[in-house]
Student: 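Input: one structure, supplied below.
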Protein chains: 2
Amino acid sequence: MNIGQAAQASGVSAKMIRYYESIGLIPKTVRTEAGYRVYSDHDVHTLRFIRRSRDLGFSVEQIADLVSLWQDRERASKDVKTIALEHVSVLEHKIRELQEMASTLTHLARNCHGDTRPHCPILEELANDEAGAVHLKPDAKFGALGKAPARQA
Amino acid sequence: MNIGQAAQASGVSAKMIRYYESIGLIPKTVRTEAGYRVYSDHDVHTLRFIRRSRDLGFSVEQIADLVSLWQDRERASKDVKTIALEHVSVLEHKIRELQEMASTLTHLARNCHGDTRPHCPILEELANDEAGAVHLKPDAKFGALGKAPARQA
DNA sequence: GCTTGACCTTCCCATCATTGGAAGGACTAA
DNA sequence: TTAGTCCTTCCAATGATGGGAAGGTCAAGC
């Protein structure tokens, strides 16, 4: 099947399939004489594996490890579990950071009248030189918010 | 003071100060004859405001709005509160997504022996064509995980 | 056989906030 | 004067993804 069909069947966009090939996450495919990439059901299966890994927030690097463990019949389940649990702890760290941000903001907003008058504790706090300047410093592993790549629906 | 001193005093790196100037978040500064940027305490105050906003996860675009409200004595606190609460809801959405990922993975890992044998429910689930293929689809506003810009400590 | 439209190819660009580094000028203390 | 630290601008990379252009290919219908 062509890349478009493989994309539809796997839920990974054609763009991303080419990208994954370019970075070596998936091997180069067979091509038709005209240069079209050709995919098998097996390839689609691998792409689904990759997509489900992405959906769980694994990085491409981690997915490469997972794929290679998946294809290794001699793997130790411990190696997989280690990757998963490391990722969980990263996720939990990130969750805590976001929760701190949200709770700080919620607290500030609760004290803001939100009317037409200018007095606003939110701005006051942001402008406060004394208060926890380093209090909510996000971890290096994550940007604060940042728009990020859209996923296909 | 020079940019290096302003950076140290504000907690915003010199690189970022130049960047913020380039995108118009902060105005162009006065320069010495040699072309060095010169900052006042007032500028440092603004930079601190910006840094604290970043620490709370606001985007540069939102910060631009916050800064302009901050400097507007006629502002309505409602406008500030609206920005803050919108941001809170985005944060909460993101938190929910990450929590889903973490709980799915925790659940899978709990059922994985994590020994030297190859059997592994984590991989089985990732490879499972049937199961919730679209279950954990992250929202377009955020990448799944992605390494991101480090903040200066 | 030819046209049309849908598909494929590669290549480059943009995102967002941030860091890194190179090349070169300016300043300061010894 | 020299060494070292600071400053300047400019370019590149990050990660995962989408957008789009320019051009080749294929299948269906006429």
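A quick note: this is a predicted structure, and the numbers were derived from the prediction, not measured. Chain identifiers are assigned alphabetically (A, B, ...) following the order of the sequence lines, protein sequences preceding nucleic acid strands; residue numbering begins at 1 within each chain. The analysis underlying the following values was restricted to heavy atoms, covering all of them including side chains, and did not include hydrogens, waters or symmetry mates.
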Student: Which ring-ring contact (aromatic ring centres under 6.0 Å, His included) pairs, counting each pair once, include a residue from residues 63-85 of chain B, with sequence neighbours left out?
Tutor: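 Passing the test, one end in residues 63-85 of chain B: B/H45-B/W70, B/F49-B/W70.
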
Student: Using whole Å, report how far CD1 of B/I50 lies from P of C/dT18.
Tutor: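 One finds 11 Å between P of C/dT18 and CD1 of B/I50, rounded.
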
Student: The helix from C/dG1-D/dC30 to C/dA30-D/dT1: angle between its terminal axes, five pairs each, to 10°?
Tutor: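 Axis angle across the helix from C/dG1-D/dC30 to C/dA30-D/dT1, nearest 10°: 20°.
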
Student: I need the OH-C1' distance between A/Y19 and D/dG18, as an integer number of Å.
Tutor: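 For the pair A/Y19 OH and D/dG18 C1', the rounded distance is 13 Å.
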
Student: Looking at B/S13, I'd like to know whether one of its side-chain N or O atoms comes within less than 4.0 Å of OP1 or OP2 on C/dT19.
Tutor: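 B/S13 to C/dT19 OP1/OP2: side-chain N or O found under 4.0 Å.
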
Student: Could you list the protein-to-nucleotides 1-4 of chain D atom pairs, N/O on both sides, closer than 3.5 Å?
Tutor:
none

Student: Send over the distance from B/I3 CD1 to D/dC6 P, rounded to a whole Å.
Tutor: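 It works out to 13 Å between those atoms.
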
Student: Could you state the CD1-P distance from B/I63 to C/dC16, rounded to the nearest angstrom?
Tutor: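 Result: 13 Å.
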
Student: Taking the nucleotide of DNA chain C with the nearest heavy atom to each, does B/K15 or B/V60 sit closer to the 5' end?
Tutor: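 Its nearest nucleotide being more 5', the pick is B/V60.
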
Student: Taking only residues two or more places apart in sequence, or in another chain, which ones meet B/R75 in a salt bridge (charged side-chain N to carboxylate O under 4.0 Å, His left out)?
Tutor: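 Applying salt bridge (charged side-chain N to carboxylate O under 4.0 Å, His left out) to B/R75 gives none.
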
Student: Taking only side-chain N and O atoms of B/R18, does any of them lie within less than 4.0 angstrom of OP1 or OP2 on C/dT18?
Tutor: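 False: B/R18 side-chain N/O out of range (4.0 Å or more) of C/dT18 OP1/OP2.
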
Student: Rounded to whole angstroms, how far apart are CD on B/Q8 and P on D/dT5?
Tutor: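 So the two atoms are 15 Å apart, to the nearest Å.
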
Student: For a 4.5 angstrom cut-off between non-hydrogen side-chain atoms, does A/I17 reach A/Y39?
Tutor: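 Answer yes - side chains close enough.
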
Student: In whole angstrom, what separates B/N2's CG from C/dG25's P?
Tutor: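 Going from CG in B/N2 over to P in C/dG25 covers 19 Å.
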
Student: Output all residues satisfying salt bridge (charged side-chain N to carboxylate O under 4.0 Å, His left out) with B/D72, sequence neighbours left out; order by chain, then residue number.
Tutor: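 Salt bridge (charged side-chain N to carboxylate O under 4.0 Å, His left out) check on B/D72 returns nothing, list empty.
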
Student: Give the rounded distance in Å between these two atoms: CD of A/E61 and C1' of D/dA16.
Tutor: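 That distance rounds to 14 Å.
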
Student: For A/D79, check side chain to side chain donor-acceptor pair (under 3.5 Å) against everything at least two apart and list the hits.
Tutor: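 Not a single residue meets the side chain to side chain donor-acceptor pair (under 3.5 Å) criterion with A/D79.
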
Student: Residues in side chain to side chain donor-acceptor pair (under 3.5 Å) with A/T46, at least two apart?
Tutor: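 In terms of side chain to side chain donor-acceptor pair (under 3.5 Å), with neighbours along the sequence ignored, A/T46 is linked to no residue.
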
Student: Give the table of side-chain donor-acceptor pairs shorter than 3.5 Å for residues 105-112 of chain B, with sequence neighbours excluded, one pair per line with atom names and distance.
Tutor:
from, atom 1, to, atom 2, distance (Å)
B/T106, OG1, B/A102, O, 2.6
B/N111, ND2, B/H107, O, 3.2

Student: Strictly by modelled atom types, are B/D115 and A/S77 linked by a side-chain donor-acceptor pair under 3.5 Å?
Tutor: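 Their side chains do contain a donor-acceptor pair, which is all the 3.5 Å distance test asks for.
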
Student: Mind jotting down which residue pairs meet the salt bridge (charged side-chain N to carboxylate O under 4.0 Å, His left out) criterion with at least one end in residues 16-30 of chain A? Sequence neighbours excluded, please.
Tutor: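 Listed by first then second residue: A/E21-A/R31, A/E21-A/R37.
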
Student: Which residue pairs pass the salt bridge (charged side-chain N to carboxylate O under 4.0 Å, His left out) test with at least one member in residues 5-17 of chain A, sequence neighbours excluded?
Tutor: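 Counting only pairs at least two positions apart or across chains, no salt bridge (charged side-chain N to carboxylate O under 4.0 Å, His left out) contact touches residues 5-17 of chain A.
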
Student: Of the residues in residues 20-44 of chain A, which ones touch DNA chain D at a heavy-atom distance under 4.0 Å?
Tutor: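 Heavy-atom cutoff 4.0 Å gives A/Y20, A/A34, A/Y36.
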
Student: Please name all residues satisfying side chain to side chain donor-acceptor pair (under 3.5 Å) with A/E124, sequence neighbours left out, ordered by chain then number.
Tutor: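 Per chain and number, A/E124 pairs via side chain to side chain donor-acceptor pair (under 3.5 Å) with A/H119.
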
